[in-house]
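Only this structure's heavy atoms are used, side chains among them; waters, hydrogens and symmetry mates stay out.
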Amino acid sequence: MKHILHNKAYLYLTEFFAGMSVMAVELGASRLLAPYFSSSQIVWTIIIGTIMIAMALGNIYGGRMADKNPDPDRLYGRLLVAAVWIAAIPAVGKYIILGISALLIFSVNSHFLIIAAFAACMVIFVFPLFLLGTVTPSLVKYTVDSLEDNGKTVGMLNASNTIGSILGTFLPTFVTIPAVGTSVTFLIFSGILLLLSLIYFISARVRSKKAAAAVLLFLICAVAGRSDSFAFWEDSLTYEGESVYNYLQVKEDADSVILSTNVLFGVQSVFTKDERLTGMYYDYAMAAPLMADVYGKERLDALILGMGTGTYATQCGRFFPHMAFEGVEIDEKITQLAGKYFALPQEIPVTTYDGRAYLNAVDKQYDVIMVDAYQDITIPFQMSSAEFFTLVKEHLKPDGVMVVNMNMRGKEKDNINEYLSDTIASVFDAVYTADVPGTTNRELFAGNSAQILQTMQENLSKETNAQLAELMERIAREMEPYEAGEHCMTDDKAPVELLGMRVIDELIRTEADYYKEIYEREGIAGLSDAL
């Protein structure tokens with residue numbers, strides 16, 4: 001055995017950092033995939049499952065190799081390869097994801113997100129984690145001296161791995177990703193593995209061309225992949241960064257400022273500089289204050305669950321100055337961006353908290369509560385159940401109105417919006433819906449009073465802004481009453497990810513069919529022109 005390995009402390013250190021790196025890569029994987037596939041329970045399931053497959057195969061292979069050829073040079077050589085592979089992920093991972101997605105979108109008709117995310121995980125993460133999976137059985141071979149203390153030795157190895165995994169879980173989430181981003185996080189833990197291997201080869205006085213090549217490749221990857229930009233095709237972003245919860249992107253032009261919390265699924269917040277209507281669902285949601293008798297009250301209290309950058313509060317404040325707002329936003333970084341780029345008034349209080357937990361903590365009642373916490377298939381199940389909507393109802397005044405933005409309007413039966421609407425209709429006495437033209441959004445309005453639509457009509461007669469009055473009149477005509485169906489989600493059973501995935505599949509399939517037709521009719525040249 002090489003000299004440094006006579007000291008078992010170094011073997012335990014190897015096990016410690018291997019465990020730490022596995023968990024860091026797993027958390028990094030979630031952030032790498034989230035801008036393209038969301039950060040839902042489905043995506044987490046794919047990541048965890050893929051990593052477990054890789055680790056299991058690595059354990060089997062590592063055990064066989066340790067018995068066949070117990071040369072530690074091979075183990076630390078594998079760590080070098082794993083280090084370089086992980087370092088390369090920031091540089092090439094996003095291109096691999098988009099390449100796999102582009103190939104599959106023309107060949108997969110259903111479950112696109114699952115298949116594409118699983119394929120991306122297999123290509124990007126299986127090999128380095130397979131190599132890290134070989135560490136434990138190899139180290140057992142080097143550390144067990146006799147049968148008398150083998151239990152103690154294996155226990156120490158497992159403890160080292162577990163403690164490393166614990167730190168590898170907390171450090172990326174709370175320290176490295178918020179501070180320096182996902183890309184640099186991959187490079188940090190890759191560098192740890194590289195350093196661990198280099199110390200071994202240097203102390204063992206082994207001249208390894210592999211080690212020299214690994215250092216060179218790591219430096220190349222560090223230069224090429226240090227950027228934290230996911231939207232690499234964008235060259236005019238005002239801000240791009242990450243928080244504990246989201247990838248964040250701010251765009252600005254002469255007319256507006258836009259926030260997107262991912263690359264592929266659109267806009268989350270918008271601020272119009274000329275105080276015009278946004279043309280988005282926020283405009284439709286302004287029917288809620290009219291339903292709550294905004295012109296019949298001296299003050300209208302509104303709570304926004306999922307405040308974002310405050311688009312709804314800003315928009316309503318322009319047209320209804322006597323509205324008072326409170327916001328709840330789980331991502332503090334978004335609230336900071338709201339003040340810096342989106343002109344959110346400082347006097348509007350925003351609490352950094354989960355929306356449902358906030359309702360449990362306060363006893364105040366409101367005239368309007370907006371629920372805007374749903375993003376693609378990342379729908380918090382605890383904010384989609386009958387128990388949650390019952391809690392919202394309890395925090396509304398007798399003539400209060402809840403407005404919910406449902407942003408995945410599908411055509412197929414039994415979709416996520418149907419489940420949400422049925423659940424809400426099982427709680428509230430009056431429920432109305434209106435589709436937002438040109439989008440996949442649907443606004444749902446619910447109240448304890450059956451007169452909320454009539455109240456809206458009465459308030460419309462008092463509206464002095466011609467642009468808003470015209471829009472609200474159209475919304476009133478389009479408003480449809482909704483009756484409860486058979487679908488009711490509860491805290492115990494709310495399959496929001498699977499339901500949301502169906503709608504996403506439907507939307508992707510509809511979009512892909514258009515390009516498939518162009519390809520079949522005009523070939524690659526026609527498809528290139530269309531894109």
Side-chain angles (χ1 to χ4, degrees), residues 277-278 280-306 311-327 348 359 363-372 388-406 417 420-437 441-484:
L277 295 173
T278 65
M280 299 173 64
Y281 69 87
Y282 305 103
D283 301 344
Y284 269 56
M286 282 197 294
L290 295 175
M291 290 177 166
D293 198 16
V294 66
Y295 290 125
K297 299 176 180 178
E298 293 184 1
R299 171 189 169 106
L300 201 78
D301 293 313
L303 174 67
I304 305 172
L305 303 179
T311 299
Y312 186 61
T314 302
Q315 192 82 341
C316 287
R318 290 169 175 172
F319 294 96
F320 311 122
H322 61 293
M323 286 187 70
F325 295 93
E326 296 176 27
I348 296 179
L359 290 179
D363 56 6
K364 182 177 178 179
Q365 288 190 319
Y366 301 87
D367 297 285
V368 172
I369 295 179
M370 184 184 193
V371 179
D372 192 17
F388 167 70
F389 292 115
T390 299
L391 191 60
V392 172
K393 182 178 180 179
E394 292 170 353
H395 283 77
L396 283 173
K397 296 177 182 178
D399 59 348
V401 175
M402 175 186 73
V403 54
V404 180
N405 175 48
M406 301 185 293
N417 283 345
L420 282 169
S421 300
D422 285 355
T423 303
I424 294 169
S426 71
V427 174
F428 285 88
D429 299 328
V431 176
Y432 293 89
T433 62
D435 292 340
V436 182
N441 294 80
R442 171 175 293 165
E443 295 307 291
L444 182 147
F445 304 88
N448 299 323
S449 169
Q451 305 301 314
I452 58 175
L453 191 56
Q454 180 180 338
T455 303
M456 178 183 177
Q457 296 283 7
E458 293 171 355
N459 276 266
L460 266 175
S461 62
K462 304 173 185 177
E463 180 56 58
T464 58
N465 184 286
Q467 183 185 24
L468 182 62
E470 181 183 358
L471 174 63
M472 291 297 116
E473 287 173 1
R474 186 171 77 243
I475 294 172
R477 291 193 300 269
E478 296 172 354
M479 203 83 72
E480 296 181 356
Y482 191 93
E483 296 183 3

Find the distance between [atom1] ([X]) and [atom2] ([Y]) and round it off to the nearest 0.5 Å.
X: Glu458; Y: Leu453; atom1: CD; atom2: CG; answer: 10.5 Å
X: Leu444; Y: Asn417; atom1: CG; atom2: CG; answer: 9.0 Å
X: Met291; Y: Met456; atom1: CE; atom2: CE; answer: 5.5 Å
X: Leu300; Y: Met323; atom1: CG; atom2: CE; answer: 5.0 Å
X: Ile424; Y: Thr390; atom1: CD1; atom2: OG1; answer: 11.0 Å
X: Leu391; Y: Ile369; atom1: CG; atom2: CD1; answer: 8.5 Å

Pairs of donor and acceptor atoms involving the side chains of residues 476-483, under 3.5 Å and at least two apart or interchain, shall be tabulated with distances.
residue, atom, partner, partner atom, Å
Glu478, OE1, Tyr284, OH, 3.1
Tyr482, OH, Asp422, OD1, 2.5

When you measure from the side chain of [X] to the backbone of [Y], do you find a donor-acceptor pair of N or O atoms at a distance under 3.5 Å?
X: Tyr312; Y: Ala285; answer: yes
X: Lys297; Y: Ala292; answer: yes
X: Gln365; Y: His395; answer: no

For the residue pair [X] and [Y], establish whether any side-chain heavy-atom pair is separated by less than 4.5 Å.
X: Met286; Y: Met472; result: yes
X: Phe320; Y: Val368; result: no
X: Glu326; Y: Asp301; result: no
X: Leu359; Y: Phe388; result: yes
X: Glu443; Y: Asn405; result: yes
X: Met280; Y: Asn441; result: no

Set of side chain to side chain donor-acceptor pair (under 3.5 Å) partners for Asp283, sequence neighbours left out: Thr278, Gln315
Considering all heavy atoms, the nearest [X]-[Y] contact:
X: Ala430; Y: Ser449; answer: CB-O, 3.5 Å
X: Cys316; Y: Phe325; answer: CB-CZ, 3.4 Å
X: Ile475; Y: Ala287; answer: CG2-CB, 4.3 Å
X: Ala446; Y: Ile452; answer: C-CD1, 4.3 Å
X: Gly296; Y: Asn459; answer: N-OD1, 4.0 Å

Asp372/Tyr281 under side chain to side chain donor-acceptor pair (under 3.5 Å): CA gap, chis, key distance, verdict: CA-CA 10 Å; Asp372 192 17; Tyr281 69 87; 2.6 Å; yes
No-hydrogen, no-angle side-chain donor-acceptor test under 3.5 Å, Glu463 and Tyr295: yes
Step-by-step side chain to side chain contact (heavy atoms under 4.5 Å, CB included) determination, Phe428 to Asn448: CA-CA 6 Å; Phe428 285 88; Asn448 299 323; 3.8 Å; yes
Audit row: Tyr432, Val401, side chain to side chain contact (heavy atoms under 4.5 Å, CB included) steps and yes/no: CA-CA 11 Å; Tyr432 293 89; Val401 175; over 6 Å; no
Lys/Arg-Asp/Glu bridge criterion (N-O < 4.0 Å) met for Asp293, Lys397: no
